[in-house]
**Q** 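Quick one: this structure, given as structure tokens, is what I'll be asking you about.
None of these values were measured; they are calculated from a predicted model. Atoms considered below: every heavy atom in the structure, side chains included; atoms not considered: hydrogens, waters and symmetry mates. The residues of the chain are indexed from 1 along the displayed sequence.
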Amino acid sequence: MTELSETLVVTVTYNEMEMLPRLVEAVFQAAPTVDILVVDDNSPDGTGQWCEEYSKRDPRVRCLQRPGKFGIGSAVAEGLRYAIDHGYRYVMTLDADFSHPPDKIPELLAALQQPSDPPVDVVIGSRYVNGGSIQGWPWYRYLMSWAINTFSRLLLRLPVRDCSGNFRGYRASVLATLNWEEFCSKGYAFFEEILFRLRQEGAQFREIPICFVERRGGHSKMRWQEALSAVGIIVRLAFCGVCRRIRKRKKPR
């Protein structure tokens, strides 16, 4: 049996056969000692089958095939829980379409590993801190992203500027403190929700600037309907946060 790495890189796929082989190669070029988990939602283009075949040749790659599309948030959550259940110390997440630069993985991982008091629990590859940028978006994508991030940061009281991106590193031990049954988002709002719930657990955050590049191939999976659904979930989470703070104030000392 091959010894596990202490770091798992999770990527979620649906019809990413065009991009995944190059992504796997790029991740291992940047961080050869990590393992990769591909969570595939029954891609009809053969993405999952390619991953299964590749994993037979390279045990650093693992494939979790789901029977259908159940939402990007639920797929990422399965990957994070896989990392917890299999004893990884750190877990990184990134998109499969090269929107996130794989060569930044060592920098994000170093932020988690660097001794500090308190230690960093979540590191975010951020588009919205000094040095971060976005390439290839039309104006309305900027507007939508700015609005959802500002809305989330204010309502959920999140101490980060990029609340909606998926290029992140987590300390598995802090993920293990979450009650995963409480999560209400299975789609894109998951990225805000997990930050909200981790903040409630006292997690420490750090952002590192990245250049986000619009996907090189395939088609974006984000839709306006999903953005509107995310807004509703964020409002619900904000209400839950207010109720929790009120209950804490009312507790006898």
**Q** About how many Å separate CG of L20 and CG of N15, when rounded to the nearest 0.5 Å?
**A** 12.0 Å
**Q** Applying ring pair (Phe, Tyr, Trp, His ring centres under 6.0 Å) as the test, list every pair that has at least one member in residues 42-65; sequence neighbours left out.
**A** W50-Y54
**Q** To the nearest 0.5 angstrom, please state how far the CE atom of M92 sits from the OG1 atom of T11.
**A** 12.5 Å
**Q** Would you check if F167 and I105 make a side-chain contact, meaning some heavy-atom pair closer than 4.5 Å?
**A** yes
**Q** According to the interplanar angle, ranging from 0 to 90°, do the rings of F212 and W137 count as parallel (below 30°), tilted (30 to 60°) or perpendicular (above 60°)?
**A** perpendicular
**Q** Of all residues at least two apart in sequence or in a different chain, which pass the side chain to side chain contact (heavy atoms under 4.5 Å, CB included) check with E181?
**A** R81, N179
**Q** According to side chain to side chain donor-acceptor pair (under 3.5 Å), who are the partners of R168, at least two apart in sequence or on a separate chain?
**A** Y170
**Q** Do L198 and F183 land in one hydrophobic cluster if side-chain heavy atoms of ILVMFWY residues count as linked below 4.5 Å?
**A** yes
**Q** Mind running side chain to side chain contact (heavy atoms under 4.5 Å, CB included) on S126 and V160 for me, showing each step along the way?
**A** CA-CA 9 Å; S126 179; V160 297; over 6 Å; no
**Q** Taking R62 for its side chain and P59 for its backbone only, find out whether a donor-acceptor pair lies under 3.5 Å.
**A** yes
**Q** Can you sort out the partners of D95 under salt bridge (Lys or Arg N to Asp or Glu O under 4.0 Å), two or more places apart, ordered by chain and number?
**A** none
**Q** Do side-chain atoms of T47 reach the backbone of S43 as a donor and acceptor pair under 3.5 angstrom?
**A** no
**Q** Between P209 and N130, is any pair of side-chain heavy atoms under 4.5 Å apart?
**A** no
**Q** How many angstroms lie between atom CG of D85 and atom CD of E78, to the nearest 0.5 angstrom?
**A** 10.5 Å
**Q** Flag the pair I72 / F190 as yes when at least one side-chain heavy-atom distance between them is below 4.5 Å, and no otherwise.
**A** no
**Q** Side chain of R199, backbone of L158: donor and acceptor closer than 3.5 Å?
**A** no
**Q** With sequence neighbours excluded, what pairs up with W180 under the side chain to side chain donor-acceptor pair (under 3.5 Å) test?
**A** none
**Q** Is I148 close to F191 at the side-chain level, that is, under 4.5 Å between some pair of heavy atoms?
**A** no
**Q** With D58, which residues qualify under salt bridge (Lys or Arg N to Asp or Glu O under 4.0 Å), at least two apart?
**A** R60
**Q** List in chain and number order the residues that pass salt bridge (Lys or Arg N to Asp or Glu O under 4.0 Å) with E25, two or more places apart in sequence or in another chain; answer none if no residue qualifies.
**A** none
**Q** What is the minimum heavy-atom distance between S164 and N149, and which atoms define it?
**A** OG-ND2, 3.0 Å
**Q** So which heavy atom on N42 is nearest to which on G68, and how close?
**A** CB-N, 4.0 Å
**Q** When rounded to the nearest 0.5 angstrom, what is the spacing between CD in Q49 and CG in D40?
**A** 7.5 Å
**Q** Please assess V91 against L37 for the test side chain to side chain contact (heavy atoms under 4.5 Å, CB included), listing each intermediate value before the final yes or no.
**A** CA-CA 10 Å; V91 53; L37 174 69; over 6 Å; no
**Q** I'd like to check Q200 versus F196 (side-chain heavy atoms, cut-off strictly below 4.5 Å). Are they in contact?
**A** yes
**Q** I'd like to check the side chain to side chain contact (heavy atoms under 4.5 Å, CB included) partners of E107; sequence neighbours left out, ordered by chain and number.
**A** K104, I208
**Q** Judged by atom type as modelled, is there a donor-acceptor pair below 3.5 Å linking the side chain of R141 to the main-chain atoms of E214?
**A** no
**Q** Does any N or O in the side chain of S5 come within less than 3.5 Å of the main-chain N or O of T7, such that one atom is a donor and the other an acceptor?
**A** yes
**Q** Side-chain donor-acceptor pairs under 3.5 Å in residues 112-122, sequence neighbours left out?
**A**
| from | atom 1 | to | atom 2 | distance (Å) |
| --- | --- | --- | --- | --- |
| Q113 | NE2 | E6 | OE2 | 3.2 |
| S116 | OG | P118 | O | 3.0 |
| D121 | OD2 | Q204 | N | 2.9 |

**Q** With sequence neighbours excluded, tell me which residues meet salt bridge (Lys or Arg N to Asp or Glu O under 4.0 Å) with D162.
**A** R127
**Q** Side chain of E192, backbone of S152: donor and acceptor closer than 3.5 Å?
**A** no
**Q** On a heavy-atom basis, which atom in R22 and which in E18 lie closest, and how many Å separate them?
**A** NH2-O, 3.1 Å
**Q** Taking side chain to side chain contact (heavy atoms under 4.5 Å, CB included) as the definition, give me every residue that meets it alongside C211, ordered by chain and number, with sequence neighbours left out.
**A** S133, Q135, V213
**Q** Go through V174 and T177 one step at a time and tell me if the side chain to side chain contact (heavy atoms under 4.5 Å, CB included) criterion holds.
**A** CA-CA 5 Å; V174 74; T177 67; 4.2 Å; yes
**Q** State, with a plain yes or no, whether a side-chain heavy atom of W146 is found less than 4.5 Å away from one of Y128.
**A** no
**Q** Got a sec, which residues hit side chain to side chain donor-acceptor pair (under 3.5 Å) with Y90, two or more places apart in sequence or on another chain?
**A** none
**Q** Between CG of L195 and CZ of R153, what distance do you get to the nearest 0.5 Å?
**A** 12.5 Å
